Amino acid sequence: MDLKKVKRLFLQILIACLVAAALVAVFAVLKGSFNNILGKALLTIVLVAVHSLISFSLIVNNERQDSFEKLTFFTNTTFVIIVLSFITSILGTWSVLHGDLVAKLYALYFVLLFAALHGEILTRTLKKQNVIDKLVYSNYIFMAIVVIMIIPVIFVSNQSSLSSMYYRSLSAAGIIDATLTLIIIILSKLYDQKHPPVVNPLTSYQPGITQLNAEGVPIFIPKKQHPIRNIFIGFLVFYVVAQLIFYLAIMFIGKL
């Protein structure tokens, strides 16, 4: 992927949106009124700019943290969801989709986004220990069950049409999913502490830059290593803990 060309494209889109928004505003001023059509047109331009800005920010963040090759699935899934979000917002703006359906679709996108991140982070714990691998694959199964069972909860208009047994099953699957994730994180952390990476200075290459010190002697400054999406991992841990508490509350209360 040529990041420079992609970033240039998004910047050109943003500039085009600003010009288009200005033209719409000028036309409204000259016409002397700002009707519903002009309002929707301006909102469409704003939505294009917002989604382009989000995509641009994601690219810049991935480029800085060098995570295009580390969280490929999550990155691709995020871009797909951004595209779906753009299409949904445009159709909602022009009343092709009802407002309730738009809200439900965005709830689904949120679930899919965290599921993608969840699965991608779990993938990074594979091939360490056999027991961790088995837990990860089991976690994938329960994570898929939770996502599939959440879809009817999002789209069914009458929540009472789903039986209490359905909600209890969803809660049980969610508790197992969250518990497995926390166990995997702990076991993976313990494994990393017991098996730190061994770096051979004679064969390993560390990117960096060479500068001259005050005496004119060249010195090597290693490139700063960025953590893999610490903010997203923090969100994931928060999401898993919140999910565990939520489903435990449902189990105790017995209903939503």
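Along the sequence shown, the residues carry numbers beginning at 1. The model shown is predicted, which means the values in this text are computed figures rather than measured ones. As a basis for the values below, the full set of heavy atoms in this structure was taken, side chains included, without hydrogen atoms, waters or symmetry mates.
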Checklist entry - Which pair of heavy atoms, one from Ala173 and one from Ile145, lies closest together, and at what distance? => result CB-CG2, 4.0 Å
Checklist entry - For the residue pair Ala115 and Val147, what are the closest heavy atoms and their distance? => result CB-CG2, 3.8 Å
Item to check | Option among Val136, Leu182, Leu135, Thr125 that satisfies the side-chain contact (heavy atoms from CB on, under 4.5 Å) test with Leu187 | outcome: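 The residue from Val136, Leu182, Leu135, Thr125 that satisfies side-chain contact (heavy atoms from CB on, under 4.5 Å) with Leu187 turns out to be Leu135.
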Working to the nearest 0.5 angstrom, can you tell me the gap between [X] [atom1] and [Y] [atom2]?
X: Asp177; Y: Leu170; atom1: CG; atom2: CG; result: 10.5 Å
X: Ile87; Y: Leu47; atom1: CD1; atom2: CG; result: 12.5 Å
X: Ser85; Y: Phe79; atom1: OG; atom2: CZ; result: 13.5 Å
X: Leu84; Y: Tyr109; atom1: CG; atom2: OH; result: 4.5 Å
X: Leu101; Y: Leu108; atom1: CG; atom2: CG; result: 10.5 Å

same_hphob_cluster([X], [Y]) at 4.5 Å side-chain heavy-atom cutoff:
X: Ile151; Y: Ile81; answer: yes
X: Val102; Y: Val156; answer: no
X: Ile148; Y: Ile154; answer: no
X: Ile183; Y: Leu190; answer: no

Next on the checklist: Does Ser163 form a side chain to side chain contact (heavy atoms under 4.5 Å, CB included) with Arg168? I'd like the steps, not just the answer.
Outcome noted: CA-CA 9 Å; Ser163 65; Arg168 287 198 295 269; over 6 Å; no
Side chain to side chain, [X] and [Y], heavy atoms closer than 4.5 Å:
X: Asn139; Y: His118; answer: yes
X: Leu112; Y: Thr77; answer: no
X: Ser188; Y: Gln129; answer: no
X: Leu117; Y: Leu113; answer: no

Checklist entry - What's the verdict on side chain to side chain contact (heavy atoms under 4.5 Å, CB included) for Leu122 and Ile184, showing C-alpha distance, side-chain angles and the deciding distance? => result CA-CA 8 Å; Leu122 290 177; Ile184 291 169; 4.0 Å; yes
Next on the checklist: Please confirm whether the ring centroid of Phe114 lies under 6.0 Å from the ring centroid of Phe110.
Outcome noted: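 Yes; Phe110 has its ring centre under 6.0 Å from that of Phe114.
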Item to check | SB check Asp192 Lys128 (cutoff 4.0 Å) | outcome: yes
Item to check | ring-ring contact (aromatic ring centres under 6.0 Å, His included) contacts touching residues 85-105 (sequence neighbours left out) | outcome: His51-Phe86
Checklist entry - Going through the distances and angles, do Leu105 and Phe155 end up as a side chain to side chain contact (heavy atoms under 4.5 Å, CB included)? => result CA-CA 8 Å; Leu105 286 173; Phe155 287 96; 4.0 Å; yes
Next on the checklist: What verdict does the side chain to side chain contact (heavy atoms under 4.5 Å, CB included) test give for Tyr137 and Asp133, after you've listed the backbone C-alpha separation in whole Å, the side-chain angles of each residue and the deciding distance to 0.1 Å?
Outcome noted: CA-CA 6 Å; Tyr137 294 134; Asp133 291 348; 4.2 Å; yes
Next on the checklist: Side chains of Tyr140 and Thr123 only: does a donor on one sit below 3.5 Å from an acceptor on the other?
Outcome noted: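 Result is yes, a qualifying pair exists.
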Checklist entry - Do the side-chain N and O atoms of Tyr106 and Thr88 include a donor-acceptor pair separated by under 3.5 angstrom? => result no
